Amino acid sequence: MFCLYSNDGPVRNFSAALKSDTRMFASTFRAMLDQGINLAPARFESGFMSIDHSLEDLGRTIEAARKFFAIYR
């Protein structure tokens with residue numbers, strides 16, 4: 001399981017999660033979806049990986065994230 005938050009520091013509790021940048025989350029979600037990567041659509045939802053995800057799937061996801069973050073540094 002994993003979650004994505006856009007914060008200045010670590011997210012270890014709900015209070016810190018509430019401080020995350022919702023616009024950045026939305027931008028990340030849309031950019032990843034545009035590249036064929038379907039993440040959980042809300043910032044408080046968890047993403048799940050399973051044995052059905054191949055190394056190729058993970059590589060595509062990492063590459064999509066690199067492209068997005070290269071634009072939004």
Side-chain angles (χ1 to χ4, degrees):
M1 288 176 50
F2 63 93
C3 293
L4 299 175
Y5 296 104
S6 298
N7 287 45
D8 290 335
V11 175
R12 295 193 172 114
N13 55 46
F14 187 64
S15 178
L18 285 173
K19 296 176 185 175
S20 65
D21 184 339
T22 56
R23 282 185 259 178
M24 180 60 136
F25 178 88
S27 295
T28 305
F29 173 78
R30 283 192 299 271
M32 295 296 280
L33 192 58
D34 287 346
Q35 296 182 75
I37 308 299
N38 191 8
L39 299 173
R43 67 183 173 145
F44 298 120
E45 290 186 59
S46 295
F48 296 89
M49 293 176 56
S50 75
I51 60 172
D52 283 342
H53 290 105
S54 67
L55 290 177
E56 182 182 322
D57 294 331
L58 296 175
R60 284 185 21 238
T61 303
I62 291 167
E63 185 57 31
R66 279 188 182 136
K67 287 180 183 176
F68 172 73
F69 290 115
I71 295 168
Y72 292 97
R73 288 184 193 226

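Owing to the predicted nature of the structure, the values given are computational and were not obtained by experimental measurement.
- Ala65 approaches Met32 most closely through the heavy-atom pair N-SD, 3.7 Å.
- In the displayed structure, Asn13 atom CG is contacted under 6.0 Å by more than 12 heavy atoms of other residues, nucleotides or ligands.
- Residues Arg60 and Gly36 approach most closely at NH2-O, 3.9 Å, considering heavy atoms.
- Between the CG atom in Leu4 and the OG atom in Ser46 there is a gap of 10.0 Å [rounded to 0.5 Å].
- Residues Leu18 and Phe44 meet the side-chain proximity criterion, which asks for heavy atoms closer than 4.5 Å.
- Taking all atoms of both residues into account, the shortest heavy-atom contact from Phe25 to Pro41 is CE2-O, 3.6 Å.
- In the hydrophobic clustering of ILVMFWY residues, with side-chain heavy atoms under 4.5 Å counting as a link, Ile37 and Leu55 come out together.
- Listed by chain and number, the hydrophobic cluster partners of Ile51 come to none, as no ILVMFWY side chain reaches under 4.5 Å of it.
- Atom CZ of Arg30 is separated from atom CZ of Phe68 by 9.0 Å, given to the nearest 0.5 angstrom.
- Atoms CG and CZ, on Asn7 and Arg12 in that order, are 11.5 Å from each other to the nearest 0.5 Å.
- Contact of the Met49 side chain with the Leu58 side chain is registered, since non-hydrogen atoms from C-beta on lie closer than 4.5 Å.
- A donor-acceptor pair under 3.5 Å is formed between the side chain of Gln35 and the backbone N or O of Ala64.
- With values rounded to the nearest 0.5 angstrom, Phe29 atom CZ is found 9.5 Å from Asp34 atom CG.
- Put simply, Tyr5 and Phe14 are part of the same group of oily side chains (I, L, V, M, F, W, Y) that touch within less than 4.5 Å, one to the next.
- Rounding to the nearest 0.5 Å gives a distance of 10.5 Å between CD of Glu56 and OG1 of Thr61.
- To the nearest 0.5 Å, atoms OH (Tyr72) and OG (Ser27) are separated by 5.0 Å.
- Side-chain atoms of Asp57 come within 3.5 Å of backbone N or O of Ser54 as a donor-acceptor pair.
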